[in-house]
Amino acid sequence: MKVGIVRFPGSNCDDDAWHAVVDHLGQDAVMLWHKAHDLEGADVIILPGGFSYGDYLRAGAIARFSPIMREVMAHAKRGGIVIGICNGFQIACEAHLLPGALLPNDAGYRSMPVTVRVERTDTPFTSAASAGQLLTMPIAHGEGRFTASADELDRLEGDGQVVFRYVDSTGNPTPASNPNGASRNIAGVCNGGRNVVGLMPHPERAMEPLLGSTDGLVLFESLLATVNA
Amino acid sequence: MTATPRPGDPAITPALVAEHGLTDEEYRRMVAMLGRDPTFTELGVVSALWSEHCSYKHSLPLLRALPTKAPWVLQGPGENAGVIAVGDGLAVAFKIESHNHPSAVEPYQGAATGVGGILRDVFTMGARPVAMLNSLRFGSLDSARVRYLVAGIVKGIGDYGNCVGIPTVAGDVMFDPSYEGNPLVNAMCVGLLREEELTRAKAEGVGNPIMAVGARTGRDGIHGASFASEDLSHESDAKRPRVQVGDPFTEKLLLEATLELIASGAVVAIQDMGAAGLASSSAEMAARGDVGVVIDTTKVPVREPGMTPYEILLSESQERMLVVAHRGRDDTVREILAKWDLQAAVIGEVIAEPVYRVTEGDHVVAEFPGTKLVTDCPVYTPEARESAAVAALRGQDAHTVPEVAEESDPAWTLEHLLSSPTIAGKHWIYRQYDSTVRTNTVRGPGAGDAAVLRIRGSRRGIAAKTDCNSRYVYLDPRNGGQIAVAEAARNVACVGARPRAITNCLNFGNPKKPEVYWQFREAVAGMGEACAALDTPVTGGNVSFYNENPSGAVFPTPTVGMIGILDDVERSVGMAFAAADHSIVLIGEPTDELGASEYLARIHGLTAGAPPRCDLAKERATIEALLDAIGAGRVQSAHDCSEGGLAVALAECCIANRHAMHGARVDLSRWAGLPQRALLFGEAQARVIVSTTHPGDVVAAARRHGVSAFHIGTTAPAGEGLFIAGIAKPLAAPLARLADAYHESLARAMAPAATQEQGISS
Amino acid sequence: MKYRVQVEVLPRRGILDPQGRAVADALRTLGFADVEEVHLGRHLVVELAAASADAARASVTAMCERLLANPVTEQFVVGAAETA
Amino acid sequence: MKYRVQVEVLPRRGILDPQGRAVADALRTLGFADVEEVHLGRHLVVELAAASADAARASVTAMCERLLANPVTEQFVVGAAETA
Ligand SMILES: Nc1ncnc2c1ncn2[C@@H]1O[C@H](COP(=O)(O)OP(=O)(O)O)[C@@H](O)[C@H]1O
Ligand SMILES: [Mg+2]
């Protein structure tokens with residue numbers, strides 16, 4: 001598997017994604033400069049976290065016009081795998097690779113561990129997880145309140161596009177376990193083709209016991225299983 | 001050549017000189033240095049460089065007495081940041097800096113630009129910033145203005161560091177009415193580098209181009225350095241246009257570009273354009289290298305048309321650097337900056353002639369002989385005298401303070417102390433800070449007595465913590481200065497790291513007041529003694545005077561930023577009890593000391609009594625014992641006793657990890673002879689609570705180093721609560737109540753904060 | 001000619017606006033008891049060269065559609081083009 | 001009566017506006033080459049009960065001074081009060 005990690009101006013989880021793929025998964029990775037026009041043969045594209053263009057205007061709004069994004073969108077259209085993490089999720093929504101929008105949190109920036117429930121295992125980022133599995137991973141964002149119209153939310157639920165939901169330690173999506181006010185506790189979604197997945201928590205920060213959680217591993221292992229299948 | 005006025009320059013009058021904050025004596029000194037009357041531009045430059053902030057004119061002689069050397073110190077004071085060796089060819093660069101005055105006027109931008117400045121100090125050394133810390137002091141949260149300051153400052157620190165992508169991993173916060181109107185905002189940055197990447201800010205090489213790099217220069221923050229050197233008063237309000245706005249996005253690009261630049265080998269030296277902007281960065285770089293320089297202000301990229309040399313030299317626009325490139329490599333510099341959508345312009349040159357010269361095109365607007373601008377700065381040793389009122393406060397006997405009725409139940413007192421904003425958990429603050437980005441944070445805020453970071457590709461780790469109990473310093477500056485260092489060292493040792501070096505931020509009032517200068521002199525001396533005793537030299541720091549408001553000076557606050565190194569980061573321990581049925585061992589011993597305690601402040605509203613004694617030999621032995629026991633893998637958790645004493649520390653061990661709390665049964669009958677308040681809440685130094693599966697080994701380790709240690713109890717399931725026996729009335733407290741007091745109080749106190757609007761739209 | 005065009009971008013009706021609500025709460029806490037609702041959005045001023053005021057407005061409208069507003073959650077109003 | 005008052009809050013002139021600059025750069029990259037400058041601020045709509053349009057505006061002006069705008073870095077314009 002070869003993973004392309006896009007480096008936008010202001011990306012700051014690009015190195016973390018790199019370590020997750022290269023050090024912890026033992027796979028190939030390549031950094032893709034935002035001005036580039038070539039994905040260098042990557043099977044999987046990661047849009048990493050950070051503050052692309054300072055998140056000025058709206059998170060992800062400016063980055064989605066980067067030259068590399070044209071290639072990423074074409075890759076997605078071909079059915080190629082794209083994973084958006086945090087700022088990458090915001091960019092993917094702005095680029096209409098994913099439905100909905102990520103608005104400022106209802107109560108400000110939040111940095112803390114959260115628990116999410118895996119709602120779907122039929123995506124390339126969750127295929128190795130089990131349905132209903134609880135994963136604890138850090139979040140660190142100010143604009144992660146997933147929002148869409150009520151009709152759109154119903155459609156997403158109906159089509160099985162809600163991939164992760166914020167839950168409490170017993171697996172229930174309660175208001176208290178929702179760190180940003182996201183509609184229906186949604187922490188991550190996929191597109192209709194199920195090849196693009198976005199989520200607010202940071203699985204790349206939950207890859208080793210030394211740092212407190214290994215729950216992100218299963219998501220990266222899913223990529224490997226999907227690509228090698 | 002000689003400098004001549006430009007058309008339109010105001011005439012140099014005594015009033016104008018006074019407005020520039022120069023005394024008559026200083027003006028005469030300047031004229032003597034020049035051998036003629038200054039131009040307006042020269043007056044501005046001297047005023048900025050001789051400001052307290054840039055020149056350290058009231059502090060330098062005392063700072064020179066601090067210990068600065070050790071085999072592991074690669075760079076001591078005098079550079080943008082200090083650097084120590086870690087082993088494996090790696091080094092850590094670190095520095096702390098204040099942004100008190102800007103934050104008092106504009107909390108959000110003031111704090112944000114403080115973070116930006118200290119980041120640049122570290123990455124100009126060739127180090128990649130890996131962690132931020134912050135040390136904050138505020139007035140009482142009962143005041144709406146204070147809540148507004150807290151909200152804005154915390155958001156400013158968070159937004160900036162979060163955007164650049166540097167985890168904020170530790171800090172300390174204290175509340176006291178003395179900080180009303182003059183909050184302290186000290187930001188510390190820690191960076192990692194390979195020893196051979198160490199870069200200094202020393203201009204060298206005749207003919208080498210000098211370049212302005214990064215953001216354009218605007219009219220913001222002109223005379224910020226002298227602003228930082230004044231008392232805060234209502235007049236400060238009128239100085240609001242001086243406020244600088246931070247641009248963390250540009251900072252992130254500048255950070256990446258600078259590290260690439262250093263790796264390219266194209267540059268000789270780099271310095272941040274911080275306080276007093278281009279003037280001070282260029283003059284200081286020239287002085288360090290003992291070379292001449294010439295700068296042409298028309299070549300500096302500006303944001304607004306019509307800026308004068310005076311404005312260009314003194315602007316404090318953020319996110320800019322001054323670079324000395326190797327001759328012929330300026331294109332490389334431009335290319336690297338362009339890759340990051342930033343610009344670089346050649347604005348001057350290193351010259352053989354021993355002068356500091358500024359031109360506007362062909363017109364020389366300022367010229368100083370040699371490096372005198374920096375080296376000829378006046379130095380003062382003001383009168384020092386202790387305040388009799390403070391001495392009287394220190395002399396009060398805390399034991400004569402009558403108990404309030406509720407205190408008959410020690411659980412009430414404990415709960416009341418845990419909810420004191422100074423003691424209470426700071427989650428409300430650090431939940432706004434990304435503490436896990438860069439995936440190196442082994443122990444973030446709230447998880448240990450200090451933060452722990454792993455170093456990729458090495459077994460070693462870095463520990464860092466800021467500390468200063470300024471109430472101690474107020475009541476006894478020498479002792480308080482010692483304790484600030486000792487406490488920081490102890491905190492770092494509690495996570496298993498050997499304390500290695502400090503950076504300090506000396507926040508004091510107006511040094512021209514004898515009682516303030518006395519505090520300063522004594523506190524610095526105390527710090528120096530502790531640094532020598534603990535083998536933690538000072539590698540740099542910052543002095544912030546004039547922290548006053550209409551009602552007087554703030555508590556003297558010599559904040560310590562301590563760096564420790566772990567040989568094996570996997571061995572680090574946290575502060576929370578890890579499981580039930582572990583033994584609880586107290587290293588060190590309670591005393592009858594109660595003075596200067598948080599107990600007196602919180603329960604009785606008193607700042608009085610003598611602070612606890614600091615025995616530096618004992619501190620050192622305690623640290624060694626702790627490191628032995630942790631290094632041998634015999635310690636499951638460690639937490640020192642600080643504000644609130646033994647009872648508060650025990651409670652914190654029980655509840656710090658809210659998701660996995662543990663009870664404790666403790667017996668203190670061995671010390672039944674001590675006054676109960678002192679035993680539970682007194683703040684005797686050199687004490688650490690350890691939980692362990694091998695109490696005998698921990699006690700033995702302590703003995704080996706000549707320190708007492710006692711097996712005082714056992715951890716228990718959370719449901720059993722905290723139970724302390726062996727005192728007149730046993731203390732029994734359910735953990736839920738303690739946890740609520742500790743974890744929720746700050747959020748509750750901040751709840752009525754007026755929504756901090758700025759930044760919402762981003 | 002040089003024009004200055006004002007743009008307001010506000011949350012669409014029906015989209016929850018917790019920030020607006022927080023501001024309304026804060027105002028009431030400060031004693032502005034008569035505040036009923038607050039909506040919070042962005043205000044932009046775009047200065048641009050254009051052949052005519054109409055051309056300037058048309059250009060700014062295109063900017064809103066492409067970048068300045070997110071059609072999923074926001075609506076925008078482009079003001080008149082004044083000569084700058 | 002119920003009134004609706006519009007407020008624009010923008011960075012003061014001379015104060016760095018990194019957000020506005022980033023948006024202007026992005027617009028030019030998108031092909032809007034004629035963009036010269038962009039300023040980015042907040043737009044608020046305040047709905048409140050007041051005795052008259054003048055009273056509503058006066059009240060909103062007071063809100064701006066106390067909370068809605070930061071006098072150190074921002075300037076604000078209170079629009080006309082419309083009945084809501
Ligand atoms: N401003 C802050 N930012 C980040 N972390 C903080 C801050 N203040 C306190 N902390 C963290 O909270 C914990 C307790 O700090 P403190 O009360 O200063 O401990 P101690 O009394 O041991 O010095 C530490 O982990 C510390 O790093
Ligand atoms: Mg401690």
Side-chain angles (χ1 to χ4, degrees), chain C residues 1-11 13 17 19-52 55-69 74-79 81 84, chain D residues 1-13 17 19-52 55-56 58-69 74-79 81 84:
Chain C
M1 279 286 279
K2 227 180 113 173
Y3 291 93
R4 178 179 297 130
V5 183
Q6 314 267 338
V7 180
E8 11 175 306
V9 182
L10 284 165
R13 302 243 144 222
D17 180 12
Q19 291 183 293
R21 208 175 45 210
V23 173
D25 289 344
L27 286 170
R28 282 188 288 261
T29 312
L30 281 179
F32 298 101
D34 294 331
V35 170
E36 292 181 0
E37 249 180 82
V38 174
H39 301 282
L40 180 63
R42 276 189 296 281
H43 192 95
L44 293 106
V45 183
V46 181
E47 293 176 7
L48 76 169
S52 67
R57 283 202 68 207
S59 175
V60 172
T61 306
M63 294 175 199
C64 288
E65 282 161 356
R66 285 209 67 195
L67 176 68
L68 302 182
E74 296 172 330
Q75 56 197 30
F76 62 86
V77 180
V78 177
Chain D
M1 282 284 283
K2 224 179 115 177
Y3 291 92
R4 177 179 297 129
V5 183
Q6 314 268 336
V7 180
E8 8 173 310
V9 183
L10 285 166
R12 270 185 196 284
R13 299 249 143 212
D17 178 10
Q19 309 216 28
R21 205 182 47 206
V23 173
D25 287 345
L27 287 170
R28 281 188 289 261
T29 313
L30 282 180
F32 297 100
D34 293 330
V35 170
E36 292 182 359
E37 250 181 80
V38 174
H39 301 283
L40 182 56
R42 285 189 297 283
H43 192 94
L44 294 108
V45 183
V46 181
E47 293 178 5
L48 75 170
S52 67
S59 173
V60 172
T61 305
M63 294 174 199
C64 287
E65 281 158 359
R66 292 208 48 201
L67 179 70
L68 303 181
E74 296 174 327
Q75 56 198 27
F76 63 87
V77 179
V78 176

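Within every chain, numbering begins at 1; the chains are lettered A, B, ... in the order of the sequence lines, protein sequences first and strands thereafter.
Proximity to chain C involves both the backbone and the side chain of D:A62, based on heavy atoms less than 4.5 angstrom apart. Interface residue C:L10: only side-chain heavy atoms are found under 4.5 Å from chain D. Looking at C:A24, neither its backbone nor its side chain comes within 4.5 Å of chain D, counting heavy atoms on both sides. Of the atoms belonging to D:L30, heavy atoms from both backbone and side chain fall under 4.5 Å from chain C. Only the side chain of C:L67 has a heavy atom closer than 4.5 Å to any heavy atom of chain D.
For the pair C:H39 and D:L44, the minimum side-chain heavy-atom distance is 4.5 Å or more. Inter-residue side-chain proximity for C:E8 and D:E8 is flagged as unmet; no heavy-atom pair is nearer than 4.5 Å. The closest side-chain heavy-atom distance from D:V7 to C:H43 is not below 4.5 Å. Put simply, the side chain of C:L48 does not reach to within 4.5 Å of the side chain of D:E36, judged on heavy atoms. You'll find the side chain of D:R42 reaches within 4.5 Å of the side chain of C:L40, heavy atoms only.
Each of C:V46, C:V60, C:L27 has some count of heavy-atom pairs under 4.5 Å with chain D, and the biggest count is that of C:L27. Heavy-atom pairs under 4.5 Å with chain D peak, among C:Q6, C:E37, C:R66, at C:E37.
In this structure, CZ in C:F32 is found 8.0 Å from CG in D:L68, a value given to the nearest 0.5 Å.
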